[in-house]
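Residue numbers begin at 1 in each chain, while the letters A, B, ... track the order of the sequences. Remember, predicted model here, so these are calculated numbers, not experimental data.
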Amino acid sequence: MLSRGIPPESILAMTFTNKAAGEMKERVKEILGEGAGKTASALTISTFHAFGLSVLRRYGRLLGYRPNFTVYDTGDQVALLKEAARELRIDPEELEVYNLLQLFSGIKTERITWQDERWYAMLNPSGKSSQDKSGEEPSRGAGSISTFQELYRSYQEHLITFNAVDFDDLIMQPLTLFREHPKVQGHYADLYRYVLVDEFQDTSTPQYNLLYQIAREWKNVCVVGDDDQSIYSWRGADYSNIERFEKDFPRVKEIKLERNYRSTGGILSAANAVISNNTNRKEKALWTQIDEGNLLELSFPDDDGAEASFIAEKIKLRAYQESLAYDSFGILIRTNSQARVIEEALLEADIPYRMSGGQSFFQRKEIKDIAGYLRIILNPDDDVSLLRTINTPRRGIGRRTVEALHEIADERKISLYSAITLAVHREVDHSIGKGPLGALEEYLELTARYQERFSESKHLAATTERLATEIDYWGYLVQEFQKSERAAKAKWKNIGFFIRSIDRYEQNPDVLEPTLQGYLNRISLQTRDELSPEEAAGKVNLMTIHAAKGLEFDVVFLAGVEEGIIPHQRAVEESEGNLEEERRLFYVAITRARQQLYMTSCRRRQVQGEMIEAVPSPFIEEIPAELMLKTLADPTAGVEMPEDPFAALKAHFGS
DNA sequence: GATGCCGTGTTTTTT
DNA sequence: ACACGGCATC
């Protein structure tokens, strides 16, 4: 496109994960060649959510958002919902918070309505809550429609009071903005005359609407997708958007991409055979000119520990024998919980790796604590961050004090921070004692001081470091983890890492004007701090199958090919139709491999601290036997390691 | 108000 | 296995 003289700033490319956006940026730079960095960064390459956020940052005030609003992640949403419940005198224990948030998400994105009965099954699968007619009424019944509606309303009101948005708002609010302010819609539609969407099968209806609002005038849209790789239906992805697309842009030209340039013939045949078991799909005939290649290998380790060491040893062996770089290996897992054992084995074997996706670095408590301070400094109305930081590290503000503050805040519909200000300045009657009141005053002073420091200083990282020192977070960690100095140290190390990541952000030439807000935005939409390309080089890639979509590796290990893991037990329990999505997931995993695929199916596996018997995944049967080499014995038994050239010396000197 | 211990449940996948 | 919340105790 650029070669045709199209100005780069008129191009908008949408992806679904930060990882994909990052890869795309890299590839654009590569294609444009050296020195084209500037041209490449003139393109807008963004996830849908990050794009929505930038729209709100710019025009959010038209919807009543104050500057520096906060983006709430799932953890914050849970905290907010519990707050809302507390205020309505509903016992949060009676709520299935996680499912309730799913319901709210469905309502907000208009996937479900209150009239819909679908959500009811979703909320009471175990029959845990609802009919609690026994005895008196300690709290209100938590299972009725009106209660849920009331909670939803309160949840929404609180978001506004706290000057915060949730992930769904990042898509829905820009749509509202476009509807109520056609000029804003016009601005974006005019700016982006060329729109591209990668992994189009993963668009949700609101995301599609957003895309449509931007592209409807110029109609220069290019979408790439594969219905066989649709693996996000659980969060609203709907590949029937492909049909809507054909209707909305009638002059559509369809190009089938059936030639595969990635995988060996054997891998492709296996993948094709598996996916052909799905009923609901566009028929296609993928082919490749690459030769058959090696057989797929399937082995049966005794347990997940053996599986992990098999993978580690195999990687070491092949890296050594074939001089393969570590970053040409990918280890794919279905669930994040599989990662731990594998990480341990990689560490043990001294193999550099990176884990992406999943339990984010930024979700760790110590990081959320410090980030909580940054958030409250930026947006004092953010009650969730206030509650997180008000007594961490401990400063003598306990339950009673917080309750008193809540009373002031609830009554006036103001944030807790405002309530503290009133209390400290004696502008309101309250029952807060002298000690806690002094502590509150100090808290106010601290946040005010850093508000100033952050606005004056351009050194975000240094200022954050100063803050961490001033609140004596290290002292707090030592106190909290008296039993494990190691844990305290590890957490403090994470704080150091966090501060360095702020520093990296500040130094990043792609960021024109680094701000605290910009940094916090970035981390709230990022599952894990993406390593810079240099840092990622030479490292084995460990990730979930979901996170691996769109990526490829010479050698892929697929761990835990067992019934209950893939297909995942909860997925099949939920609904029969989910089996096809699980199969697509398996298909995506297979097709990540260029040269070789290793699968492992453990005989037993440690799950939630208990050893359970495991059974191979039924999907294995769908791979033609002649494409696969089955190793019946425990693969770790026969693995020979390359001789350590220093082994003899080490033995000699007894090191 | 802080601290320590015990019982309970658990997120499948991600923005 | 592990984190989290509740509860008793200092």
Enquirer: Glu582(A) side chain: which of dT10(B), dT14(B), dT12(B) is closest?
Expert: dT12(B)
Enquirer: Indicate whether the side chain of Gln102(A) and that of Ser105(A) have a donor and an acceptor atom separated by less than 3.5 Å.
Expert: no
Enquirer: dT13(B) base to Arg334(A) side chain: any donor-acceptor pair below 3.5 Å?
Expert: yes
Enquirer: Among side-chain atoms of Asp166(A) and Tyr155(A), is any donor-acceptor pair under 3.5 angstrom?
Expert: yes
Enquirer: Does the side chain of Asn336(A) get closer than 4.0 angstrom to OP1 or OP2 of dT13(B) through an N or O atom?
Expert: yes
Enquirer: Between Arg570(A) and Arg399(A), name the one whose nearest nucleotide on DNA chain B is closer to the 5' end.
Expert: Arg399(A)
Enquirer: Provide, to the nearest angstrom, the distance between the CZ atom belonging to Arg400(A) and the C1' atom belonging to dG1(B).
Expert: 11 Å
Enquirer: Any salt bridge between Asp169(A) and Lys108(A), counting N to O under 4.0 Å?
Expert: yes
Enquirer: Identify all side-chain donor-acceptor contacts of residues 52-59 of chain A below 3.5 Å with residues at least two apart in sequence or on another chain.
Expert:
unit_1	atom_1	unit_2	atom_2	d
Ser54(A)	OG	Phe51(A)	O	2.8
Arg57(A)	NE	Gln517(A)	OE1	3.2
Arg57(A)	NE	Asn521(A)	OD1	3.0
Arg57(A)	NH1	Phe69(A)	O	3.2
Arg57(A)	NH2	Phe69(A)	O	2.8
Arg58(A)	NH1	His187(A)	NE2	3.3

Enquirer: With a 4.0 Å heavy-atom cut-off, tell me which residues in residues 162-177 of chain A come close to DNA chain B, sorted by residue number.
Expert: Phe167(A)
Enquirer: Does a side-chain N or O of Asn391(A) approach OP1 or OP2 of dA2(B) to a distance below 4.0 Å, or not?
Expert: yes
Enquirer: Separation of Ile565(A) atom CD1 from dT10(B) atom C1', in whole Å?
Expert: 15 Å
Enquirer: Can you find a side-chain donor-acceptor pair between Glu307(A) and Thr600(A) that sits under 3.5 Å?
Expert: yes
Enquirer: Looking across every strand, which nucleic acid part, if any, lies under 4.0 Å from Phe48(A) by heavy atom: base, sugar-phosphate, or nothing?
Expert: nothing
Enquirer: Rounded to whole angstrom units, what separation is found between the CG atom of Leu332(A) and the P atom of dT12(B)?
Expert: 20 Å
Enquirer: Does any donor atom in the side chain of Gln569(A) or Glu573(A) lie under 3.5 Å from an acceptor atom in the other side chain?
Expert: yes
Enquirer: Under 4.0 Å, heavy atoms only, any strand: does Ser524(A) hit a base, just the sugar-phosphate, or nothing?
Expert: nothing
Enquirer: Looking at dT10(B), dT14(B), dG5(C), which one has an atom nearest to any side-chain atom of Trp234(A)?
Expert: dT14(B)
Enquirer: Tell me: CD of Gln363(A) to P of dC4(C), nearest whole Å?
Expert: 12 Å
Enquirer: Where the side chain of His546(A) is defined as all heavy atoms beyond and including C-beta, which of dT12(B), dG1(B), dT14(B) is the nearest nucleotide?
Expert: dT14(B)
Enquirer: Minimum heavy-atom separation for Gln207(A) and Asp202(A), please, with both atom names.
Expert: OE1-O, 3.7 Å
Enquirer: On DNA chain B, check which nucleotide each of Ala571(A) and Gly396(A) is closest to and give me the residue with the more 5' one.
Expert: Gly396(A)
Enquirer: Does the side chain of Ser501(A) pick up a donor-acceptor pair with the side chain of Tyr519(A) at under 3.5 Å?
Expert: yes
Enquirer: Among the candidates dA1(C), dG1(B), dT14(B), find the nucleotide nearest to the side-chain atoms of Thr544(A).
Expert: dT14(B)
Enquirer: Rounded to the Å, how far apart are Gln229(A) CD and dT13(B) C1'?
Expert: 15 Å
Enquirer: Detail all sub-3.5 Å separations between protein N/O atoms and N/O atoms belonging to nucleotides 3-5 of chain B.
Expert:
unit_1	atom_1	unit_2	atom_2	d
dT3(B)	OP1	Gln479(A)	NE2	3.2
dT3(B)	OP2	Arg394(A)	NE	2.4
dC5(B)	OP2	Lys483(A)	NZ	3.4

Enquirer: With rounding to the nearest 0.5 Å, note down the distance linking CD1 in Ile107(A) to CZ in Phe104(A).
Expert: 8.5 Å
Enquirer: One thing to verify: whether Glu562(A) and Arg605(A) come together as a salt bridge, which I'm taking to mean a side-chain N less than 4.0 angstrom from a carboxylate O.
Expert: yes
Enquirer: Could you state the CZ-C1' distance from Arg364(A) to dA3(C), rounded to the nearest angstrom?
Expert: 14 Å
Enquirer: In whole angstroms, how far is the P atom of dC2(C) from the CD atom of Glu344(A)?
Expert: 9 Å
Enquirer: What nucleotide among dT10(B), dT14(B), dT12(B) has an atom nearest to a side-chain atom of Arg235(A)?
Expert: dT14(B)
Enquirer: Output the single nucleotide from dG1(B), dT13(B), dC2(C) whose closest atom is nearest the side chain of Arg340(A).
Expert: dC2(C)
Enquirer: Can you label the angle between the Trp234(A) ring and the His546(A) ring as parallel, tilted or perpendicular, going by 30° and 60°?
Expert: perpendicular
Enquirer: Let me know the distance between NZ of Lys549(A) and P of dT14(B), rounded to the nearest Å.
Expert: 12 Å
